[in-house]
Amino acid sequence: MSNYHIKSLEEYFQVYRKSVQNPERFWEEIAEENFMWRKRWDNVLSYDLNKPEVSWFEGAKLNITENCIDRHLYTKGDKTAIIFEPNGPSQKAVHITYNQLYERVCKFANVLKSQGIKKGDRVCIYLPMIPELAVSVLACARIGAIHSVVFAGFSATALATRINDCDCKMVLTSDGSFRGNKTIDLKGIVDEALLSCNGVDTVLVVNRINSEIEMKEGRDQWLQPLLDNAQVQCEPEIMAAEDPLFILYTSGSTGKPKGMVHSTAGYMVYTGYTFKNVFQYREDDIYWCTADIGWITGHSYIVYGPLANGATTVMFEGVPNYPDWGRFWEIVEKHKINQFYTAPTAIRALAKENLDFVEKYDLSSLKILGTVGEPINEEAWHWYNDNIGNKQSPIVDTWWQTETGGIMISPIPFSTPTIPTYATLPLPGIQPALMDENGEELTGNQVSGRLCIKFPWPAMARTIWGNHARYKETYFSAYPNRYFTGDGAMRNSTGYYRITGRVDDVIIVSGHNLGTAPIEDAINEHPAVAESAIVGFPHEIKGSALYGFVILKETGESRSHDNLRKEINQIITEHIGPIAKLDKIQFTNGLPKTRSGKIMRRILRKIAGKDTSNLGDTSTLLNPEVVEDIMRNVL
Ligand code: WTA
């Protein structure tokens, strides 16, 4: 039996049991046998979940890029590490071998060094899905700089908030990006963001779209000439196990985004291990995850997990509907993709289109299909299973979070029998618990509650950058000695988990987590707006869409509602990005509030979802009359 590669259900249960009975021994064996260390650890795990403090492989020294690149050079230097599929379907795909990746990462790392970046410095990466994005992430890791990738769909304001929160010294970007038949002026967004960032000394710019851009003297430089002059060798910085590898921001239900900090050794071991098992990766497989590296899925399962296993990983620059809705399947056929990992929102959008787009292509290379980001509805699951997997390819419904670093609950394909909408069983090392309203753990099966994890795992985020108190408060205060996920879940009679969705004020729109508070803050900046509340409502493709209830100031009441709606969405786009735009905006005279002044979102959620048969007790409201009024005018 191998702990590292589970091949049957029986083996899964054995491995799982071992991982719970002796977690330290379990992870130690995996770390020892499958990764490269400059110095062995003194202690596998120490933790106190109430502080919370967690430390894995303490005393160990390593560099993650040696694990993801250097060690493969002896045996598979000419193997393709990354296949880059450009936005334009007539443009040739680029195959980057492990040898070439080594060279590109080392050169890039030397450029970073020559620009004054050192171990521990934060570098913001705001790039489209082009090879330089993966290369720059690895280049930071090579020299111990902490990367903070910001999804290149975020606005200038959102980018500035993230740059300032962790004091980035440098920004890596491109002149622009291709997205379907559009181009986006990324450098312009960076320029605007940097008007409010004093700490950034250097901006390095990739030439992607050949556009005329302004280069600020003394700050901005084109990347290519610097790379041309850089040395090909770059000794890796030797890192301590717990040194931060990266920061990645995620939305909270309140306040500014949370910079989740991930460690080096634990993150590497866990993403490597879970990639191998959840995708049953074998040496010659071609693996494609359609996420953007700007999200955790891209960090863990486009870059680090696959490369730690010496895999071939595909990066796609474009969108699913350009030049038409067959693009994904064209790519699957062209590169003979074996594992395909995407989001339910993409599946729902693809399922709405004519099946001709699927049937035109040969999908017989596919072995495993994956989904992530939100609960997958049954209809979408069946469409995926029937039409893409031809009922032959198991679907891995993987539940996890930016905070967890890697996949937590998921079938092991070909071992765990799947059921639509169930993420099924916890991976080895993961100990879930469901909690009831009184904070007690629900034991036994056929129960629903709030999902917690009761034992540390190697890839858990260690803190929120600059705000450990918030880390503790958000994740470790609801239930003592447990990590609280913010999700609700049920466990069926066989012990399978089904994730039912967020139980806090985070709304998942097309797989993107959006906190209600930052959106409300943005809306409230509109001079005609007095107050607002956002809730999610069911949407056929996006899963959830946003519904805003807005109270106008007297001065705004005479304005055209259509214009106000446009302006409000414009402000949201500027503050956060187009992903946070509202689908519906209802103007109202009041919002239902408790006597202590809190907005009763539960009621608004029901009204927005047109599910008003049982509104619950409204008698405790300060202003029960507004409920009727809102219901009458619902959109
Ligand atoms: C949701 C994405 C149901 C969940 C990796 C979680 C899911 C949030 C699933 C994290 C799934 C993710 N089934 N819900 N398979 N996967 N979620 O941080 O609510 O972008 O808390 O990480 O997405 O989103 P994040």
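As the structure lists them, so they are numbered: ligands from 1, and atoms in each ligand from 1. Below, each value reflects all heavy atoms present in this structure, side chains not excepted, and no hydrogens, waters or symmetry copies. Residues: numbered from 1 along the sequence shown.
Here the options are Y281, F340, F279, the test is ring pair (Phe, Tyr, Trp, His ring centres under 6.0 Å), and the partner is Y287; only F279 passes. Exactly one residue among W27, Y483, Y273, Y267 makes a ring pair (Phe, Tyr, Trp, His ring centres under 6.0 Å) with W457. That residue is Y483.
Residue pairs meeting the salt bridge (charged side-chain N to carboxylate O under 4.0 Å, His left out) criterion with at least one member in residues 147-166, sequence neighbours excluded, are D165-K256. Sorted pairs that involve residues 422-453 and meet ring pair (Phe, Tyr, Trp, His ring centres under 6.0 Å), not counting sequence neighbours, are lacking altogether.
In this structure, T494 and N445 have side chains that are not in contact, with every pair of non-hydrogen atoms separated by 4.5 Å or more.
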Kindly print each ligand 1 N/O atom paired with any protein N/O atom under 3.5 angstrom away, one pair per line, or none if nothing qualifies.
{"from": "ligand 1", "atom 1": "13 (N)", "to": "E374", "atom 2": "O", "distance (Å)": "3.4"}
{"from": "ligand 1", "atom 1": "14 (N)", "to": "P375", "atom 2": "N", "distance (Å)": "3.3"}
{"from": "ligand 1", "atom 1": "15 (N)", "to": "D397", "atom 2": "OD1", "distance (Å)": "2.7"}
{"from": "ligand 1", "atom 1": "15 (N)", "to": "T398", "atom 2": "O", "distance (Å)": "2.7"}
{"from": "ligand 1", "atom 1": "16 (N)", "to": "G373", "atom 2": "N", "distance (Å)": "3.1"}
{"from": "ligand 1", "atom 1": "16 (N)", "to": "T398", "atom 2": "O", "distance (Å)": "3.4"}
{"from": "ligand 1", "atom 1": "17 (N)", "to": "G373", "atom 2": "O", "distance (Å)": "3.4"}
{"from": "ligand 1", "atom 1": "18 (O)", "to": "T402", "atom 2": "N", "distance (Å)": "2.8"}
{"from": "ligand 1", "atom 1": "18 (O)", "to": "T402", "atom 2": "OG1", "distance (Å)": "2.6"}
{"from": "ligand 1", "atom 1": "18 (O)", "to": "N513", "atom 2": "ND2", "distance (Å)": "3.4"}
{"from": "ligand 1", "atom 1": "19 (O)", "to": "D487", "atom 2": "OD1", "distance (Å)": "2.6"}
{"from": "ligand 1", "atom 1": "19 (O)", "to": "D487", "atom 2": "OD2", "distance (Å)": "3.2"}
{"from": "ligand 1", "atom 1": "21 (O)", "to": "Q401", "atom 2": "NE2", "distance (Å)": "2.9"}
{"from": "ligand 1", "atom 1": "21 (O)", "to": "D487", "atom 2": "OD1", "distance (Å)": "3.3"}
{"from": "ligand 1", "atom 1": "21 (O)", "to": "D487", "atom 2": "OD2", "distance (Å)": "2.6"}
{"from": "ligand 1", "atom 1": "21 (O)", "to": "R502", "atom 2": "NH1", "distance (Å)": "2.8"}
{"from": "ligand 1", "atom 1": "22 (O)", "to": "T402", "atom 2": "N", "distance (Å)": "3.4"}
{"from": "ligand 1", "atom 1": "23 (O)", "to": "G373", "atom 2": "O", "distance (Å)": "3.1"}
{"from": "ligand 1", "atom 1": "24 (O)", "to": "N513", "atom 2": "OD1", "distance (Å)": "3.4"}
{"from": "ligand 1", "atom 1": "24 (O)", "to": "N513", "atom 2": "ND2", "distance (Å)": "3.1"}

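Scanning for ring-ring contact (aromatic ring centres under 6.0 Å, His included) contacts around W400 gives Y301, with sequence neighbours left out.
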